[in-house]
Structure formats: C-alpha cells, structure tokens
Trainee: 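First the structure, which I've put down as structure tokens, then a few questions once you've had a look.
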Amino acid sequence: MIAIAKPLIGEEEKAAVLEVLGSGQLAQGKRVREFEERFAAWVGARYAVAVSSGTTALHVALLAHEIGAGDEVITTPFSFIASANCILYAGATPRFADIDPVYYTIDPASIEQQITRRTRAIIPVHLFGQPADMTAIAEIAEKHGLAIIEDACQAHGATLNGQPLGTWGAACYSFYPTKNMTTGEGGMITTNDAALAERMRILREHGMRVRYVHETLGYNFRMTDLQAAIGLVQLTRVEAWNAQRQRNAAQLTARLTGVPGVVTPQVRPGATHVFHQYTVAVADRDRTIASLSERGIGYGIYYPIPIHKQQVYRERGYTDVLPAAEAASQQVLSLPVHPALTATEVEQVAEAVMAAAREPMVV
Ligand SMILES: *Cc1c(COP(=O)(O)O)cnc(C)c1O
C-alpha cells in the first residue's frame, strides 16, 4: 500500500513532547515563542505568530486587518474550504475569482473583475505548494489599496523570484498532519509588519496584552508548547523533506511527460514549488483511479467541488460560473509524492498512471 500522505514523526519529536510534559508548562509558553522565532527566521519574515490551526491563522489575519461586516474579500474557489470560510467567520463577504488553468492558482485578471468599492483584501492560495502569481497580485493590491493575506497552508518553504511568502502582506500556514510539516494541529502567520503581528498576538489570546485586561473581542486560538516542541523538530527536517518531494516530483514528471491524456504539473517561472501535492490533469480520471486502486496506491482529488458550488455557499446565494475552476475539479488527480516514498514506489505510481493511459477505452 502506497499512501497519498504520511506524517513523519521520529524519536526526536517523541522526546521533545515528553520533555514538555515533564516541564509542567503545557499551554502557550517558551516553546511556542521559540518556534515562532525559528519559523520566522526560516521563511525569511520578521515576525511569526503561532495559532491553533491554519484556519484560525486565516481568521485572525482578517480580523487583524479590521475586515468585517460590509467588506468583501476576493479568493479562489479552487482550494480547501477554509480559504473562503475564514471570510464568513470575519462577517465579511467572499467573492470568487477564477483560476489560471495551467497553475491552478487564482487568476489576476479575474481578481480585477471582482473588485468593487467594498473590496478590502485578496486571499491568494499557494495551491499544492506552488506560489500564486504574486507579482501581478501585488500590483493589483497596490493599485486598489487592498491587503494581501496569503494562504500558504500548503507551501512551507516556497518562494517566488527568491522572495519569501508572507512578505507581500501576511502568510498563513497549517501544521495539519498531511502538510509538508506537522504539529498535529497548528498554524502560523508570518509578516514583516510589526503592528499587524502585535494585533494578531492580542486576537489569539482573548484580546489581551496585559493579563485580564481585554482591549478587544479576542479568541482562544493559542498553540500549545506540546505542539511547538514537535514543530521545532519538524522545522529542522522540512527542508530535506521538501527537497525529496521535489525529487519525487521530477521523477514522476520524467515518466509521465508525453503520456497521452495526462498533463503533468507546471512550475511557474521563478517559483520554488514545494510539491505539497503532485497534481496531474487526466482525460479519464475514473480509469486512472481504478488502475491506482488495483495496485494499492492512494490518491487524492483536490478538490472535487469548487467552493462556490458547496452547499454552504449555494445556501448563501452564490451562483458564480467559474469555468477554469469547474473544469479543474473534474480533471485533477493528486498522486503520492511525499518524502517517505522510495524511488521504486514512485516508479510504481508512474507505472499505474501509464497503464491506465495504455488500456483501450471500455465502451
Ligand atoms: C489545510 C489548509 C487550510 C486549513 O488548515 P487547518 O490547519 O486544517 O485548519 C487552509 N487552506 C488550505 C489551502 C489548506 O490546505
């Protein structure tokens, strides 16, 4: 059995958790502070604020920008639902721009079409580990005075033209077990803006700067020292893991390029793609899935229903027609690319996809 994802937890993570358990300091404490400092240094941002998940990271980032009722925020419909739900949590209105059919990230031209006088921010998603077109997005944001909140939940360590994520505004990360690094559950927001970081620190902890003095409506979105201890160890490994993901991706692309009915993932010029997912577009997805399943190979469909077509949004009156996102949801298939795979296993994955392409169509 070859799984689509595999969290890598070693003896060092176990020892780090036991050490925290023995210390008696279980909630947010010195380990969280240390994790924030190391994470900020690693991604190349001035500040990092740890929170309880990628979802709460996005929520806090919006609140820290004072985005709420009456405001609109533009995001992509081709993502995990949290990329849009955070806008609803803040009381604002999501607006969906279509995606670029090659890179699957939000299409800057479509963003411009969604801008109204109520628009306050853009949430581009660095989908599958690949940076969105931040150069064009930053230009649009500048022109219209919009904030940028990057959803980097799948893109730990990705860069664009050497520029780290989070430096166009704020970037939100997730440490869910399937991501490029994990803390079980957890999240992080990075930014170069000191005032923004300070507001996020207050919001994650009941609106409090001084103990029991509550300046604003805040939340309990804290990370624990147990999670941070795991994160600190994972942080020493993630670069090697990303490099292995890139090698696995290169091996898949070498085998699958030119196979009829299979479109391999394209890397944006200037981008470091950290291959959270290796996502192909296939002409006959059902047949490819059958071939993978027969061989005990896991796969994922990210995402089978674009966000604007989910019931949550249909109930709220969304009737958008977004052809590129809708087409992608019918064609995409993510193959195992995680760093625990052997070269032989990667070969088996490629072989399963090629076998499906070779079989005659069953009519
Ligand atoms: C995982 C993910 C999130 C949410 O992160 P959680 O830690 O699961 O809350 C948000 N956006 C994207 C694109 C994700 O992949």
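Both ligands and their constituent atoms are indexed starting at 1 by order of listing.
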Trainee: Find out whether the Lys NZ or Arg CZ of Arg268 is both under 6.0 angstrom from the six-membered ring centre of Tyr103 and within 45° of the ring's axis.
Mentor: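 The answer is yes; both the distance and angle limits are met.
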
Trainee: Is any side-chain heavy atom of Val32 less than 4.5 Å from a side-chain heavy atom of Arg222?
Mentor: no

Trainee: What's the shortest distance from atom 7 (O) of ligand 1 to any protein heavy atom, and which residue and atom give it?
Mentor: Ser174 OG, 2.7 Å

Trainee: Distance under 4.0 Å to a non-hydrogen atom of Asp151: what atoms of ligand 1 satisfy this?
Mentor: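 Close to Asp151: 10 (C), 11 (N), 12 (C), 13 (C).
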
Trainee: Is it true that Arg209 and Glu198 have a side-chain N and a carboxylate O under 4.0 angstrom from each other?
Mentor: yes

Trainee: Cys153 versus Tyr173: any side-chain heavy-atom pair under 4.5 Å?
Mentor: no

Trainee: Are any of the N or O atoms of Lys179 closer than 3.5 Å to those of ligand 1?
Mentor: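 Yes.
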
Trainee: Ligand 1 and Glu185, any nitrogen or oxygen pair closer than 3.5 angstrom?
Mentor: no

Trainee: Does a side-chain heavy-atom distance below 4.5 Å link Leu335 with Leu256?
Mentor: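 Of all side-chain heavy-atom pairs linking Leu256 with Leu335, at least one is under 4.5 Å.
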
Trainee: List ligand 1 atoms under 4.0 Å from Ser53, heavy atoms only on the residue side.
Mentor: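 The list of qualifying atoms is 7 (O), 9 (O).
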
Trainee: Who gets closest to atom 6 (P) of ligand 1 by heavy atom: Gly187, Gly129, Gly54?
Mentor: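 Looking at heavy atoms only, the winner is Gly54.
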
Trainee: For His214 and His206, take the angle between the two ring planes, folded into 0 to 90°, and tell me which bin it lands in: parallel under 30, tilted 30 to 60, perpendicular over 60.
Mentor: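 Perpendicular, since the angle between the ring planes exceeds 60°.
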
Trainee: What protein heavy atom sits nearest atom 4 (C) of ligand 1, and how far away is it?
Mentor: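 Here the nearest protein heavy atom works out to Thr55 OG1, 3.6 Å.
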
Trainee: Taking 4.0 angstrom as the limit and counting only heavy atoms of Phe80, give me the atoms of ligand 1 inside it, by number and element.
Mentor: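 What qualifies from ligand 1 is 2 (C), 3 (C), 4 (C), 10 (C), 12 (C), 14 (C).
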
Trainee: Would Ser79 count as being in polar contact with ligand 1, using the rule that some N or O on each side must be under 3.5 angstrom apart?
Mentor: no

Trainee: I'd like to check which ligand 1 atoms, numbered from 1 as shown, lie under 4.0 Å from a non-hydrogen atom of Val125.
Mentor: 13 (C)

Trainee: Tell me if the aromatic rings of Phe39 and Phe175 count as close, with their centers under 6.0 Å from one another.
Mentor: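 Ring centroids of Phe39 and Phe175 are less than 6.0 Å from each other.
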
